[in-house]
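Just so it is clear, the structure is predicted and the values come from calculations on it, not from any experiment. Order of the sequence lines fixes the chain letters, A, B, ..., with proteins taken first and strands second; residue numbering starts at 1 for each chain.
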Number of protein chains: 2
Amino acid sequence: MHGSFDHTIHKGQGHYGWDNSFPPVLTVAPGATVEFQCRDASAGQFSRETTAAEVPKIDLARVNPVTGPISVDGAAPGDALKVTVLSFKPSGWGWTANIPGFGLLADQFPDPAIHHWTYDTGGKAPAMFGPGGRVPLRPMAGTIGVAPAAPGHHSIVPPRRVGGNMDVRDIAEGAVLYLPVEVAGALFSVGDMHAAQGDGEVCGTAIETAMDIALKVELTKGAGLAFPRYTTPGPVSRHFDAKGYEVTTGIGPDLMQGAKDAVKGMVDLLSRRHGMKPVEAYMLCSVCADLRISSIVDMPNWVVSLYFPRIVLD
Amino acid sequence: MHGSFDHTIHKGQGHYGWDNSFPPVLTVAPGATVEFQCRDASAGQFSRETTAAEVPKIDLARVNPVTGPISVDGAAPGDALKVTVLSFKPSGWGWTANIPGFGLLADQFPDPAIHHWTYDTGGKAPAMFGPGGRVPLRPMAGTIGVAPAAPGHHSIVPPRRVGGNMDVRDIAEGAVLYLPVEVAGALFSVGDMHAAQGDGEVCGTAIETAMDIALKVELTKGAGLAFPRYTTPGPVSRHFDAKGYEVTTGIGPDLMQGAKDAVKGMVDLLSRRHGMKPVEAYMLCSVCADLRISSIVDMPNWVVSLYFPRIVLD
């Protein structure tokens with residue numbers, strides 16, 4: 001239920017990249033509830049009519065816009081900003097793209113691709129993917145963070161200890177996120193909304209969508225966090241897990257290569273079994289399959305697994 | 001329900017390490033059901049009376065015994081051995097140890113430790129850990145694989161593309177595992193039973209226990225698998241997820257360091273909040289917390305998360 005909140009930050013009130021010299025668009029007291037209207041990760045460069053051929057033309061200086069920043073009264077370096085995810089207001093349209101040069105298997109998928117999604121704004125009905133695929137939805141915020149202490153402008157792409165483009169699937173309704181504050185006021189921003197995503201976001205994009213998010217911001221003084229932490233109010237995979245999983249693995253001395261091997265194995269399996277193009281299988285994995293580290297202590301080899309929920313294609 | 005099966009392999013019929021010159025203890029036809037009686041990962045070196053001081057005395061040449069090998073009629077290189085997990089017969093006693101030099105945070109936990117568990121052989125009641133902790137059980141096989149083609153003796157410790165010490169939490173009841181066959185007859189063995197384990201098995205041991213396992217072995221000719229794959233018959237985390245999770249993260253350019261940071265964050269959180277020793281928190285994470293790759297595409301930094309189920313300590 002997306003209700004009314006103390007403040008609303010409009011989608012024009014945003015920025016590209018992180019810079020602690022960006023002035024806050026609003027200053028709030030701890031405990032405030034704030035609605036952030038968020039644009040999609042292309043900042044409107046993609047529409048329902050965008051074709052695969054147009055994907056590489058995206059202006060990378062204008063990706064992942066975030067809404068904000070807001071300053072929080074009393075926030076100081078060493079504190080944690082406690083952010084509770086209250087609710088989402090989805091727009092009903094989204095896209096998933098393979099952007100050349102981006103994504104876990106970028107070398108194997110050099111050609112652009114895009115899939116358009118129309119989804120239920122109530123977030124209840126799965127979104128359709130090609131013949132037979134049905135992806136359960138779970139709205140989440142891909143980019144959520146505070147300004148880094150390091151001066152100057154920083155790319156929006158990498159996540160950092162202050163958060164940012166973490167793409168954590170479970171920053172969803174009811175989650176409570178604790179972010180290490182590095183500058184006075186924290187300077188919090190949020191964007192990069194996803195209607196659904198799997199752990200890893202393996203092709204580099206999820207169901208990218210414009211969506212409003214409502215948050216409550218509070219302070220935990222002197223938390224001394226090394227990295228962000230969060231809690232989930234309940235189960236995180238029940239929208240996916242009812243029929244179990246198909247799982248592929250990668251085994252070897254490098255976790256990154258293991259992850260690539262696991263994803264490649266699933267792309268091969270899905271494209272062969274379900275007659276989809278490999279790039280379609282790859283994009284489908286990005287929105288619903290989970291990368292897990294199954295074992296990491298049996299030297300010198302580790303096991304990385306990709307869990308694809310059978311409910312999507314059953 | 002652990003019933004009767006075509007064959008039983010007794011716990012004396014086993015080996016240490018992998019070697020395709022080990023003669024099979026039995027040859028079966030595809031479709032056979034086989035019960036394997038399995039010793040614990042210490043091969044009986046640890047008992048209910050073992051103290052922390054005795055842990056480093058373990059003879060590493062006699063760890064992770066596996067029961068087998070069995071030869072499967074007609075199995076040839078390039079096939080997959082299809083192994084269906086039918087049921088388990090747990091023994092009711094297990095151990096978790098911090099073995100110096102072994103485990104994800106070996107440098108931070110140089111001192112030996114051991115925790116003894118008495119658990120419900122029906123696998124239904126959670127096992128107790130210290131004051132208040134209750135770990136839901138889910139029996140699984142840590143080491144399950146076929147002989148590698150490479151001649152000679154190979155350590156049991158690392159998993160390989162033929163499986164082995166994969167420590168995959170979801171090789172549990174109802175799972176179907178496909179293993180790449182590299183030698184005639186496959187030469188399948190299994191052992192290293194766990195009453196409970198989290199993804200990653202971060203301290204290096206789970207609830208290590210003697211336990212029998214019943215399997216059905218079949219062949220998929222010419223499968224051409226690069227790595228093992230498996231399916232789960234249903235949800236994999238419902239024994240853990242009802243009350244949600246506490247999650248810590250590690251963010252940076254190296255997945256291994258990210259995993260270490262996430263585990264360190266959780267050890268700090270649990271030991272501070274629940275008054276347990278850090279090494280107890282570390283061992284507890286190993287038996288119930290899951291390592292996940294939350295994002296792996298936002299160059300150059302990735303997010304690794306450790307999910308600790310709140311139900312264990314609530």
Colleague: Could you check if a side-chain atom of I293(B) sits within less than 4.5 angstrom of a side-chain atom of V304(A), using non-hydrogen atoms only?
Modeller: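 With C-beta onward as the side chain, the pair touches.
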Colleague: Flag the one option from D199(A), T232(A), D261(A) with the top tally of heavy-atom pairs under 4.5 Å to chain B.
Modeller: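 Looking at each option in turn, the highest pair count goes to T232(A).
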Colleague: Identify which of K264(B), R161(B), M256(B), K243(B) forms the greatest number of heavy-atom pairs closer than 4.5 Å to chain A.
Modeller: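 Answer, by heavy-atom pair count under 4.5 Å with chain A: M256(B).
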Colleague: Ignoring hydrogens, what is the shortest heavy-atom contact between N301(B) and P158(A)? Give both atom names and the distance.
Modeller: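 Looking at all heavy atoms of both residues, the shortest contact is ND2-CB, 3.9 Å.
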Colleague: Looking only at heavy atoms and a cut-off of under 4.5 Å, which of G234(B), A106(B), G200(B) has the most pairs with chain A?
Modeller: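 Result: the option with the highest number of such pairs is G200(B).
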Colleague: Name the region of D290(B), side chain, backbone, both or neither, that has any atom closer than 4.5 Å to a heavy atom of chain A.
Modeller: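 The side chain, not the backbone.
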Colleague: Applying the side-chain contact (heavy atoms from CB on, under 4.5 Å) criterion to F227(A), which one of T248(B), T249(B), V303(B) satisfies it?
Modeller: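 Testing F227(A) for a side-chain contact (heavy atoms from CB on, under 4.5 Å) against T248(B), T249(B), V303(B) leaves exactly one candidate, T249(B).
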Colleague: Which pair of heavy atoms, one from D298(B) and one from V157(A), lies closest together, and at what distance?
Modeller: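 That closest heavy-atom pairing would be CB-O, 3.2 Å.
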Colleague: Taking C-beta and beyond as the side chain, do L269(B) and R229(A) meet within less than 4.5 Å on heavy atoms?
Modeller: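 The answer is yes; the side chains approach within 4.5 Å.
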Colleague: Looking at P300(B), A262(B), G265(B), S295(B), which makes the most heavy-atom pairs under 4.5 Å with chain A?
Modeller: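 Of the options given, most contacts go to S295(B).
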Colleague: Quick one: what part of V176(A) sits under 4.5 Å from any heavy atom of chain B, side chain, backbone, both or neither?
Modeller: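 The answer is neither part of V176(A).
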Colleague: Please determine, among W302(B), Y178(B), Y245(B), Y230(B), the option with the most heavy-atom pairs under 4.5 Å with chain A.
Modeller: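 It is Y230(B).
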Colleague: With a 4.5 angstrom heavy-atom cut-off, could you sort out which part of P233(A) is near chain B: side chain, backbone, both or neither?
Modeller: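 Looking at P233(A), just its backbone touches chain B.
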Colleague: Taking side chain as everything from C-beta outward and backbone as N, CA, C, O, which of these in R292(A) sits under 4.5 Å from a heavy atom of chain B? Side chain, backbone, both or neither.
Modeller: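 Contact with chain B: backbone and side chain both.
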Colleague: For residues V297(B) and G204(A), report the shortest heavy-atom separation together with the two atoms involved.
Modeller: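 Distance-wise, the nearest heavy atoms are CG2-CA, 3.6 Å.
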Colleague: Name, in order of residue number, those residues of residues 306-314 of chain B that have a heavy atom at a distance of less than 4.5 Å from a heavy atom in chain A; otherwise write 'none'.
Modeller: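 From residues 306-314 of chain B, the residues near chain A are Y307(B), R310(B).
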Colleague: Among I251(B), T231(B), D167(B), L255(B), which has the most heavy-atom pairs under 4.5 Å with chain A?
Modeller: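 The answer is I251(B).
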Colleague: Please round to the nearest 0.5 Å and tell me the distance separating atom OG of S294(B) and atom CG of L291(A).
Modeller: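 That separation rounds to 10.0 Å.
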Colleague: Can you tell me how far the CE atom of M299(B) sits from the CG atom of N165(A), to the nearest 0.5 Å?
Modeller: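 Interatomic distance, M299(B) CE to N165(A) CG, rounded to 0.5 Å: 11.5 Å.
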Colleague: For chain A, which of A226(B), S237(B), G250(B) has the most heavy-atom pairs under 4.5 Å?
Modeller: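 It is G250(B).
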Colleague: Are any of the side-chain heavy atoms of D241(B) and R238(A) separated by less than 4.5 Å?
Modeller: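 Yes, close enough: below the 4.5 Å cut-off.
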Colleague: Does any backbone or side-chain atom of D254(A) lie under 4.5 Å from a heavy atom of chain B? Answer side chain, backbone, both or neither.
Modeller: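 Neither part; nothing is under 4.5 Å.
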Colleague: Side chain, backbone, both or neither: which part of S305(A) has an atom under 4.5 Å from a heavy atom of chain B?
Modeller: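 It is the side chain, since no backbone atom gets that close.
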